[in-house]
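Only one structure is covered here, and it is reproduced in the block below.
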Amino acid sequence: MKSRGLFARLALVLGLVFLYVPILSMMVFSFNNSRLVTVWDAAHSPTLKWYAALLSNGQILGAAWLSIRIALISASGAVVLGTLAGMALARFGAFRGRLLLAGMTAAPIVMPEVITGLSLLLLFVATEQLIGWPKGVGAVTITLAHITFCMAYVTVVVQSRLAGFDESLEEAAMDLGARPLQVFLRITLPLILPAIGSGWLLAFTLSWDDLVITQFVAGPGSSTLPMVIFSKVRFGVTPDVNALATIMVLIVATGIAIATVWMRYQQRRRERDLQLAAAANLSEPLQS
Amino acid sequence: MSAILKMNAPTTTAAADPASAYVRIANLTKKFGDFVALDNVSLDIRRGEIFCLLGGSGSGKTTLLRTLAGFESPTAGTIHIEGADMSAIPPYERPVNMMFQSYALFPHMNVEKSEMLDIVKMGGFGARKPHQLSGGQRQRVALARALVKRPKLLLLDEPLAALDKKLREHTQFELINIQQRLGVTFIVVTHDQEEAMTLGQRLGVMNHGRIAQVGSPCDIYESPATRFVADFIGSVNMFEGRVSEAEPDGVRIECGELACALRVQRAVSCTRGATVWTAIRPEKINISRQPPAQAAGADNAVRGTVREIAYMGDLSIYLVQIESGKVMRVTLPNTTRGAERPIARQESVWLSWHGSSAVVLTE
Ligand SMILES: Nc1ncnc2c1ncn2[C@@H]1O[C@H](COP(=O)(O)OP(=O)(O)OP(=O)(O)O)[C@@H](O)[C@H]1O
Ligand SMILES: [Mg+2]
């Protein structure tokens, strides 16, 4: 019994070490004074100078701002298209071309990113020759490409939420006189909003850190943050990259922590309500 | 000699007086692929009545309600409400509301204030969300919601199925009360026959997508039209036999499963030599130690041995094995407390019944 407890604890510690030591060491070295990433300059550390350097680095700030804008727009675009596709797949029964649509929306998930990126580049080049748009590669083509592959993930999330959706809710609304559009806006949309929200977050992170597809469809002057980091790292890791990565990790971790606490709060409130309702059921006076 | 006699059972055809037909369902068929869920259903519902649809699982009750509400479009046939054809009317424009089996309360909305909440005695619960309500409260809110638009026709799909027995019985009378106060026409689906008999002024029994019989609870219990209905509503002792005498006021039936012949004093439409089934309700059979007045060898009386007795409180059920080996079910009310010498297991007894108590069924 005791040995198994020990083994479990050891496994846990090893697992955590495996997962988090790289990130932790990166964070620690972001406060290192030395230019050399692997040498700890104990005399002058910790220091915030790499963070200060980041703030005055126009290239990195510009790339970060571009990445944020692209991620915001692509996540929003992917949510609209992905919700529509998810609705069609979950609700319209066996329409003609359903299998094709299902396959096509899932394709970017399973396709190697290199192929997705290359085929998108070829498409953009071809449409530019045919209709003169988009003019060259750049932020626009990156956004379009991100919408394309992010939409697949949103579709999956929305579709699985709709699969567990009680359709009699929509019928009840219709029964009470709501037209189809009203039913969607007042019943379906609010109820699948959590799925849409997590789809949006997923799409945002996917777009935020995508490198492979982006490199195919990016042009001069449209380097996203992952592209800048990657090109810097190719000439050796510098401490300011550590600082940048630490900021990114902290932002993501804060987001996850807030989401977790919020979800737990909701869950607990719901359980308490259910208990109160059950108690009311037991003591319910039948006469008024 | 053969005699085709007029059947005095209540009419089961849907062609009632058109003036009184508030909802007219005519030759309605609904197929899901090859599966026929509704098979040529014709039914008239009267204004202001409680009509109960009763039937086994999968018999098409919910499908019929959903077609009335407009959620399913019929494969063939028509629905008229107050004379208006409903074929092209979408659900949100029909003068019909439905109370869903699962209640279908909107989880993200408050109950909200409405006079209907007072009618279902839920006046103070306007600010609650559905998950903050108990099962019984949810049922009331669902009913109030279905009544908010003051529909002329309310469809209720197993409205009480999720409630426990006591609450259900109480709520049945409340439903009748509300229906009478508001003057709404109710079509109630249930698979609980007691509930159907309590609620319904008329019942429709469904079987495999067809309407097997329509009538008052008494009609259906006392004069079932088919073997299915006789067996489905209450319990029954059923004997297959052959008509040996057919006369205007009754028939005599020879029956291999019984030691005696059956004499049924009811007008029956069948010919001599026809194969028929005779149904006798358990409570219509007398059980006694002495031979009955008709004496041995007479019609409508058999000897048997008590095999099993189940005490149910208000009545007792006796399972009596008759000489042919068949087991008959007899129920007796326990009218006196601790009767002096009750009939015991393995005792030899006589079973007898009156000729007017049996029902002869031809299909
Ligand atoms: N959308 C559908 N697609 C295919 N078959 C269906 C569909 N809806 C109902 N059915 C079938 O039609 C038959 C009748 O179903 P229905 O729900 O009307 O039965 P019911 O009488 O309400 O039964 P229960 O008492 O179990 O609720 C069932 O066999 C069911 O499987
Ligand atoms: Mg049903």
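Chain A is the first sequence line, chain B the second, and so forth, proteins listed ahead of strands; every chain is numbered from 1.
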So for atom [atom1], which belongs to [X], do other residues, nucleotides or ligands contribute more than 12 heavy atoms lying within a distance under 6.0 Å?
{"X": "B:His80", "atom1": "NE2", "result": "yes"}
{"X": "B:Arg181", "atom1": "CZ", "result": "yes"}
{"X": "A:Ile131", "atom1": "CD1", "result": "yes"}
{"X": "A:Phe95", "atom1": "CZ", "result": "yes"}
{"X": "B:Phe32", "atom1": "CZ", "result": "yes"}

Exercise. Of the listed residues (A:Asp166, A:Val183, A:Leu176), which shares the most heavy-atom pairs with chain B below a 4.5 Å separation?
Worked result: A:Leu176
Exercise. Among A:Met174, A:Glu170, A:Glu167, which residue forms the greatest number of heavy-atom pairs with chain B at distances under 4.5 Å?
Worked result: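 Most heavy-atom pairs within the cutoff with chain B belong to A:Met174.
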Exercise. Mind checking whether A:Arg179 and B:Glu93 have side chains closer than 4.5 Å, heavy atoms only?
Worked result: yes
Exercise. Mind checking whether A:Pro180 and B:Tyr92 have side chains closer than 4.5 Å, heavy atoms only?
Worked result: yes
Exercise. Any donor-acceptor pair under 3.5 Å linking the side chain of B:Asn97 with the backbone of A:Asp175?
Worked result: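 Looks like yes, one N/O pair under 3.5 Å.
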For this session: State whether the side chain of A:Asp273 and the backbone N or O of B:His131 hold a donor-acceptor pair below 3.5 Å, judged by distance alone.
Result: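 Looks like no, no N/O pair under 3.5 Å.
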Exercise. Is it the side chain or the backbone of A:Arg186 that comes within 4.5 Å of chain B heavy atoms, both, or neither?
Worked result: both
Exercise. At a heavy-atom separation under 4.5 Å, does A:Ala172 approach chain B through its side chain, its backbone, both, or neither?
Worked result: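 A:Ala172 touches chain B through backbone and side-chain heavy atoms alike.
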For [X], is it the side chain, the backbone, both or neither that has a heavy atom under 4.5 Å from a heavy atom of chain A?
{"X": "B:Met109", "answer": "side chain"}
{"X": "B:Arg145", "answer": "both"}
{"X": "B:Val96", "answer": "backbone"}

For this session: Starting at CZ of B:Phe71, measure out to CD of A:Glu171 and round the result to the nearest 0.5 Å.
Result: 5.0 Å
Exercise. Rounded to the nearest 0.5 Å, what separation is found between the NE2 atom of B:His108 and the CD1 atom of A:Ile187?
Worked result: 4.5 Å
